[in-house]
Amino acid sequence: MVGEEGAFVLGWEEVLTEEELSTTLKVLCMSEEEFKEYKEQDGWEDNSDEEENSVLSNEALSRLKTPCKKLLYDSVLLTLESYRSDLKAEQDLLNNKEAYEKLSRREQQALHVRYGQKRILHQLLELVS
């Protein structure tokens, strides 16, 4: 459903892989009966109105049904646990000029990427709380 990586791409304002996330949430939050019907129909019929309204902006994420929010929340927590350090540790390192300058250019860039990823994930946690 989401490719080999099983990952979604999140931006500051919306989910960039909205179709994949939307479909995944719908399937994972289905009851057993709904899933059987989904399998029998070989997916959903093409409904352009539904697709138009499926943009997963930050506002739309905050309006998801509770089971979908819980699933996203738990997934984000698992993702954050996969990092070796937390958001505060990254922020502290970025704010510590002396320690930051001791990092190689590559380590500095990696720090910025990790920090940005964690900020987006924390933003998502707030949206689905």
Side-chain angles (χ1 to χ4, degrees):
M1 210 176 311
V2 294
E4 291 178 25
E5 295 295 316
F8 304 104
V9 181
L10 306 171
W12 283 110
E13 297 177 14
E14 65 187 19
V15 176
L16 302 177
T17 54
E18 64 190 44
E19 185 177 337
E20 292 90 346
L21 180 57
S22 180
T23 301
T24 301
L25 288 174
K26 285 178 186 177
V27 171
L28 292 176
C29 292
M30 286 179 178
S31 66
E32 187 176 341
E33 185 177 306
E34 290 170 325
F35 184 69
K36 285 179 184 176
E37 185 179 320
Y38 172 79
K39 281 177 46 178
E40 288 171 6
Q41 292 179 4
D42 202 22
W44 289 284
E45 293 180 19
D46 192 19
N47 186 342
S48 58
D49 290 339
E50 186 177 322
E51 285 180 23
E52 270 182 41
N53 296 324
S54 72
V55 174
L56 288 176
S57 65
N58 287 350
E59 184 181 327
L61 286 169
S62 66
R63 292 190 318 257
L64 288 172
K65 293 178 182 177
T66 301
C68 292
K69 283 183 169 183
K70 172 96 172 90
L71 182 62
L72 274 177
Y73 188 89
D74 291 345
S75 298
V76 170
L77 287 180
L78 284 172
T79 302
L80 286 169
E81 287 175 6
S82 71
Y83 288 97
R84 291 187 175 147
S85 61
D86 62 9
L87 181 65
K88 183 170 178 357
E90 305 288 4
Q91 191 170 15
D92 290 346
L93 185 53
L94 283 168
N95 291 332
N96 183 337
K97 187 176 180 180
E98 187 178 313
Y100 179 79
E101 289 177 354
K102 288 181 181 178
L103 298 174
S104 70
R105 183 73 182 136
R106 183 177 175 173
E107 290 170 324
Q108 290 174 354
Q109 291 171 339
L111 173 62
H112 284 281
V113 169
R114 284 191 317 272
Y115 180 69
Q117 291 171 338
K118 290 174 188 177
R119 285 189 55 212
I120 289 172
L121 290 169
H122 279 274
Q123 175 181 292
L124 183 56
L125 281 178
E126 289 178 25
L127 291 169
V128 297
S129 294

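Note that the numbering runs from 1 along the sequence shown for the chain.
Listed by chain and number, the residues in a side-chain contact (heavy atoms from CB on, under 4.5 Å) with K97 are E101 (sequence neighbours excluded). Checked against side-chain contact (heavy atoms from CB on, under 4.5 Å), A110 has the following partners two or more places apart in sequence or in another chain: R114. Listed by chain and residue number, R63 satisfy the salt bridge (Lys or Arg N to Asp or Glu O under 4.0 Å) test with E59 (two or more places apart in sequence, or in another chain). Shown here are the salt bridge (Lys or Arg N to Asp or Glu O under 4.0 Å) partners of K69, two or more places apart in sequence or in another chain: there are none. Applying the salt bridge (Lys or Arg N to Asp or Glu O under 4.0 Å) rule to K36 yields the partners E32; only residues at least two apart in sequence or on another chain are considered. By the side-chain contact (heavy atoms from CB on, under 4.5 Å) test, S31 pairs with E33, E34, sequence neighbours left out. Take T17 and apply the side chain to side chain donor-acceptor pair (under 3.5 Å) test, not counting sequence neighbours, and it matches no residue. Under the side-chain contact (heavy atoms from CB on, under 4.5 Å) criterion, R105 pairs with Q108, Q109, sequence neighbours left out.
Of the inter-residue distances, the one linking L93 atom CG with L111 atom CG reads 5.0 Å to the nearest 0.5 angstrom.
The shortest distance between side-chain heavy atoms of V27 and M30 falls below 4.5 Å. Counting heavy atoms from C-beta on, the side chains of R119 and L87 come closer than 4.5 Å.
Contact between C29 and C68 at its shortest, heavy atoms only, is SG-SG, 3.1 Å.
Listed by first and then second residue, the ring pair (Phe, Tyr, Trp, His ring centres under 6.0 Å) pairs involving residues 70-120 are Y100-H112 (not counting sequence neighbours).
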Side chains of residues 74-82: which donor-acceptor partners sit under 3.5 Å, not counting sequence neighbours?
{"residue": "D74", "atom": "OD1", "partner": "K70", "partner atom": "NZ", "Å": "3.2"}
{"residue": "D74", "atom": "OD2", "partner": "K70", "partner atom": "NZ", "Å": "2.8"}
{"residue": "S75", "atom": "OG", "partner": "L71", "partner atom": "O", "Å": "2.8"}
{"residue": "T79", "atom": "OG1", "partner": "S75", "partner atom": "O", "Å": "2.9"}
{"residue": "S82", "atom": "OG", "partner": "T79", "partner atom": "O", "Å": "2.5"}

Which pairs of donor and acceptor atoms, one on a side chain in residues 121-129, lie under 3.5 Å apart (sequence neighbours left out)?
{"residue": "Q123", "atom": "NE2", "partner": "W12", "partner atom": "O", "Å": "2.7"}
{"residue": "S129", "atom": "OG", "partner": "L125", "partner atom": "O", "Å": "2.4"}

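Under a 3.5 Å cut-off, the side chain of N96 and the backbone N or O of D92 do not form any donor-acceptor pair.
Grouped with L16 in one hydrophobic cluster are V9, the linkage being side-chain heavy-atom contacts under 4.5 Å among Ile, Leu, Val, Met, Phe, Trp and Tyr residues.
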